[in-house]
There are 2 protein chains.
Amino acid sequence: MAQRALTAVPDIADLSEEGIEPMSTRERILDAALDLFIEKGFDKTSLREIAEQIGVTKAALYYHFASKEDILMALHLRLHEFGFDALAQFGDQEPTSALWADLMDKIVDQMLAHRRIFLLHERNQAAFEALHKEEHDESHEDLQAGFRRVLSDTRVPVRGEVPSSELSEILRDAVGDLLR
Amino acid sequence: MAQRALTAVPDIADLSEEGIEPMSTRERILDAALDLFIEKGFDKTSLREIAEQIGVTKAALYYHFASKEDILMALHLRLHEFGFDALAQFGDQEPTSALWADLMDKIVDQMLAHRRIFLLHERNQAAFEALHKEEHDESHEDLQAGFRRVLSDTRVPVRGEVPSSELSEILRDAVGDLLR
DNA sequence: GTCTATATTTCGATAGAC
DNA sequence: GTCTATCGAAATATAGAC
């Protein structure tokens with residue numbers, strides 16, 4: 001396993017929007033919710049807690065979001081955004097082995113930079129499952145199609161050292177491990 | 001990775017108690033709860049749902065369990081039971097390489113046979129975390145001590161092909177993968 | 001945009017009859 | 001052991017003033 005630089009890699013548009021100007025209430029709600037949903041779980045986190053954490057009242061949340069699930073959905077869309085940005089980096093270039101290695105390296109670093117979004121999803125599988133029964137699926141189709149397109153590109157040089165049956169295991173574990 | 005037989009391996013006492021006589025209401029409650037807690041998550045599963053699924057009323061549950069958490073705890077204890085049974089199989093024999101391989105093989109098969117218990121825990125990490133803050137820890141100490149004893153046995157032949165730093169990754173992934 | 005106040009619902013839990 | 005009936009708490013969500 002190669003040693004990679006763990007320094008910040010600001011390539012993908014910064015999803016947490018930590019810019020110069022003061023954060024909007026909407027973003028502050030989302031960030032507080034992210035923290036609490038990770039720490040206590042979606043179900044055990046009440047809107048009152050989220051509101052208190054950023055110094056507003058419960059009712060104020062309802063100005064920015066239609067429901068509690070809506071907040072979760074907004075956080076989920078950050079993951080979609082990440083996926084699309086990652087896909088965009090592949091572009092239309094000839095997929096050489098070196099290019100792929102470089103891109104994968106970058107994307108893994110970006111995943112680390114945004115790891116709390118991934119952690120949120122790993123820790124609230126049930127909540128997201130419920131969320132997906134109420135459909136927002138056009139976006140999902142697009143994402144999946146995009147990844148299929150990139151991954152099934154016949155021009156991609158295959159090294160074949162790792163059986164694909166084991167690859168998913170290794171990747172998933174690596175992700176899970178980095179999140180703790 | 002060696003091919004292992006996936007046929008039933010009834011060695012550890014069958015935790016699901018699927019015997020000859022009709023299942024007790026207590027067991028039926030636990031089985032229904034197991035299904036629902038896996039499918040919908042602990043928090044989103046109401047006692048009413050559990051009761052309806054087995055054709056009794058909510059109040060009947062309270063005859064068998066003191067609280068909703070109590071039901072979760074009972075399911076958690078199935079995992080403890082599994083752990084103790086697994087430990088017991090190691091016994092006091094000389095831990096040869098062949099013996100270890102054989103035992104590990106058996107235990108993995110038994111994990112598969114009881115995989116819903118493991119799946120329950122993977123899918124409700126937040127709920128179990130809350131559960132453990134209210135202490136039932138003597139049993140945990142015993143379990144951990146037991147595993148430490150088995151794993152730190154200096155007579156165990158070490159092959160050393162897999163760095164222990166990677167071992168946990170591989171194991172965790174393998175478990176996660178088999179559960180889906 | 002944010003507040004106070006309140007409506008509505010759901011759930012865990014209990015009491016007591018049978 | 002299981003039921004009906006109900007309580008009390010907590011949560012989501014809404015109404016309307018500022």
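Chain letters run A, B, ... following the sequence lines, proteins first, then strands; residues in each count from 1. Note that these values count all heavy atoms, side chains included, but never hydrogens, waters or copies made by symmetry.
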Quiz item: Do the side-chain N or O atoms of A:Y63 get closer than 4.0 angstrom to the phosphate oxygens (OP1, OP2) of C:dG1?
Solution: yes

Quiz prompt | Annotated protein contacts, base or backbone, on nucleotides 13-18 of chain D with a non-hydrogen cut-off under 4.0 Å, one of B, S, - each | solution = BB----

Quiz prompt | Whole angstrom value for the distance that separates C1' of D:dT12 from CG of B:D43 | solution = 15 Å

Quiz prompt | Selected nucleotide, minimal atom distance to B:H64 side chain, candidates D:dA11, C:dT2, D:dG1 | solution = D:dG1

Exercise. Have a look at B:T45 and say if it touches a base, only the backbone sugar-phosphate, or nothing, with a 4.0 Å heavy-atom cut-off.
Key: sugar-phosphate

Quiz prompt | With sequence neighbours excluded, residues passing side-chain hydrogen bond (donor to acceptor under 3.5 Å, both in side chains) with A:E52 | solution = A:R48

Quiz item: For C:dC3, does either OP1 or OP2 sit under 4.0 Å from a side-chain N or O belonging to A:T57?
Solution: yes

Quiz item: What is the distance from CZ of A:R26 to P of C:dT2, rounded to the nearest Å?
Solution: 13 Å

Quiz item: Do A:E122 and B:R123 meet the salt-bridge criterion of a basic N to acidic O distance under 4.0 Å?
Solution: no

Quiz prompt | Pairwise salt bridge (charged side-chain N to carboxylate O under 4.0 Å, His left out) hits with a residue in residues 62-74 of chain B, at least two apart | solution = none

Exercise. Could I get the full list of ring-ring contact (aromatic ring centres under 6.0 Å, His included) partners for A:F128, not counting sequence neighbours?
Key: A:H76, A:H121

Quiz item: Just how far, in rounded Å, is P of D:dA11 from NZ of A:K44?
Solution: 11 Å

Quiz item: Taking for each residue the nucleotide of DNA chain D with the nearest heavy atom, is it B:R28 or A:E49 whose nucleotide lies nearer the 5' end?
Solution: B:R28

Quiz item: B:F42 CZ to C:dC11 P: how many Å, rounded?
Solution: 13 Å

Quiz prompt | Protein-nucleotide distance (A:I50, atom CD1; C:dT2, atom P), rounded to Å | solution = 15 Å

Quiz item: Once you round it to whole Å, what is the distance between C1' of C:dC11 and NZ of B:K40?
Solution: 12 Å

Quiz item: For C:dT2, does either OP1 or OP2 sit under 4.0 Å from a side-chain N or O belonging to A:T25?
Solution: yes

Quiz item: Residues in ring-ring contact (aromatic ring centres under 6.0 Å, His included) with A:H64, at least two apart?
Solution: none

Self-check item: Nucleotide C:dC11, atom C1' - distance to CG of B:D70 in whole Å
Solution: 17 Å

Exercise. Could you check how far CD1 of A:I71 sits from P of D:dA11, rounded to whole Å?
Key: 14 Å

Exercise. Would you tell me whether B:Q125 and A:Q125 have side-chain atoms, one donor and one acceptor, within less than 3.5 Å of each other?
Key: no

Quiz prompt | Contacts of type side-chain hydrogen bond (donor to acceptor under 3.5 Å, both in side chains), residue A:D102, not counting sequence neighbours | solution = none

